[in-house]
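For reference, the structure is listed below as structure tokens.
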Amino acid sequence: MDLSVFGSVHLIYLFITLPISFAGLFLAKKYAKTEKAQNIVLKSIAILLLIWILINRLSQVFRYSDIRWEQIIPDSFCGMTSLALSLAVLFGKKDNAAYHFLWLLGLIGALITIFNPTFLDQGPSVFYLPTISGLLHHSICLVMVCALLLFKQIHITYKKWYCTLFGFTSYLTLGAFQMSVFGFSDAFHIAEPILPDTPLTAWVMAPMYAAGYGLVLLIIELARKHKNSKKQNIIQ
């Protein structure tokens, strides 16, 4: 069984999950016309996301001979984003502040992991629980973000840029707690870079992400103003 990135197993996974995801989003957009129907779709995806991130965390708790309950709390950006996003959809309101921190982080993290799952060979097969649950929670997170954008649950605006600062502060505070209290060697890449032999620790990535997100917001705002200006000219 080829468990390398873009090996046979990885390609089969992509060829199965991507078409199903796109088809599901297409059908949801076509048939979920009312707000009630859209909420049902969103909460259903959120429940699936919550189930798989919890399965992933429990697989870490019972992975070794000694039970490690401290592993139930995600210690990575992707894991915590999947957990926080599912809870924000299930219990939060439309366009809540959490969305404005989580949507782009979830989108980027899910895409990178789906197309570069470096953990594929951690077990004997793709069905090794930490592996398959990791793949699935990233995939469902991608669907979740796309569905939120599709149903216009997020009004992307530079006015909510500050949510990024609060979000990263929360993540890094939790990571510091996990390292100091639970004795983790690293959490949220506070101590170790996301890529070996690079300076990309959280202290570098956080300001890079905040600046990059600010640029994304600027582009979206300029595009929105251009679109509105064009509409006004057509009306006149």
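For the ring-ring contact (aromatic ring centres under 6.0 Å, His included) with Phe101, the qualifying choice from Tyr162, Phe168, Tyr213 is Phe168, the only one to do so.
Counting only residues at least two apart or on different chains, the salt bridge (Lys or Arg N to Asp or Glu O under 4.0 Å) pairs with a member in residues 202-221 are Glu221-Arg224. The salt bridge (Lys or Arg N to Asp or Glu O under 4.0 Å) contacts involving residues 186-207 comprise nothing, where partners must be two or more places apart or lie in separate chains. A side chain to side chain donor-acceptor pair (under 3.5 Å) check over residues 92-101, counting only residues at least two apart or in different chains, returns the pairs Asp95-His100.
The side-chain heavy atoms of Val41 and Phe151, taken from C-beta on, include a pair separated by under 4.5 Å. Gln178 is listed as a side-chain neighbour of Phe188, based on a closest heavy-atom distance under 4.5 Å. With contacts defined as side-chain heavy-atom distances shorter than 4.5 Å, the pair Ile140/Trp52 qualifies. Contact check for Tyr13 versus Ser139: side-chain heavy atoms found under the 4.5 Å cut-off. Under the 4.5 Å side-chain criterion, counting only non-hydrogen atoms from C-beta, Ile114 is not in contact with Leu135. Between Ile156 and Trp103 the shortest side-chain heavy-atom distance falls below 4.5 Å.
Qualifying side chain to side chain contact (heavy atoms under 4.5 Å, CB included) partners for Pro207, counting only residues two or more places apart in sequence or in other chains: none. Residues satisfying the side chain to side chain contact (heavy atoms under 4.5 Å, CB included) test with Thr169, not counting sequence neighbours, are Thr173. In this view, Asp2 and Ser4, Ser8 satisfy the side chain to side chain contact (heavy atoms under 4.5 Å, CB included) rule, not counting sequence neighbours. Partners of His10 according to the ring-ring contact (aromatic ring centres under 6.0 Å, His included) rule, which considers only residues two or more places apart in sequence or in another chain, are Phe6. When the ring-ring contact (aromatic ring centres under 6.0 Å, His included) test is applied to Phe177, the partners found at least two apart in sequence or on another chain are Phe182. Every side chain to side chain contact (heavy atoms under 4.5 Å, CB included) that Gln122 has, sequence neighbours left out, goes to Arg63, Phe119, Tyr128, Pro130, Thr131. For Trp161, the ring-ring contact (aromatic ring centres under 6.0 Å, His included) criterion is met by no residue, not counting sequence neighbours.
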Sequence neighbours left out, cut at 3.5 Å: what donor-acceptor pairs do the side chains of residues 20-38 make with other protein atoms?
from: Ser21; atom 1: OG; to: Thr17; atom 2: O; distance (Å): 2.8
from: Thr34; atom 1: OG1; to: Ala37; atom 2: N; distance (Å): 3.1
from: Gln38; atom 1: NE2; to: Ala32; atom 2: O; distance (Å): 3.1

Please set out all donor-acceptor pairs under 3.5 angstrom arising from side-chain atoms of residues 67-92, sequence neighbours excluded.
from: Arg68; atom 1: NE; to: Asp66; atom 2: OD2; distance (Å): 3.2
from: Gln71; atom 1: OE1; to: Arg57; atom 2: NH2; distance (Å): 3.4
from: Ser76; atom 1: OG; to: Gly79; atom 2: N; distance (Å): 3.1
from: Thr81; atom 1: OG1; to: Phe77; atom 2: O; distance (Å): 2.6
from: Thr81; atom 1: OG1; to: Tyr171; atom 2: OH; distance (Å): 2.9
from: Ser82; atom 1: OG; to: Cys78; atom 2: O; distance (Å): 3.3
from: Ser82; atom 1: OG; to: His137; atom 2: ND1; distance (Å): 2.8
from: Ser86; atom 1: OG; to: Ser82; atom 2: O; distance (Å): 3.3
from: Ser86; atom 1: OG; to: Leu83; atom 2: O; distance (Å): 2.7

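Judged by distance alone, with hydrogens and angles left aside, the side-chain atoms of Tyr209 form no donor-acceptor pair with the main-chain N or O of Thr164 at under 3.5 Å.
No single ILVMFWY cluster, assembled from side-chain heavy atoms under 4.5 Å apart, contains both Leu58 and Tyr64.
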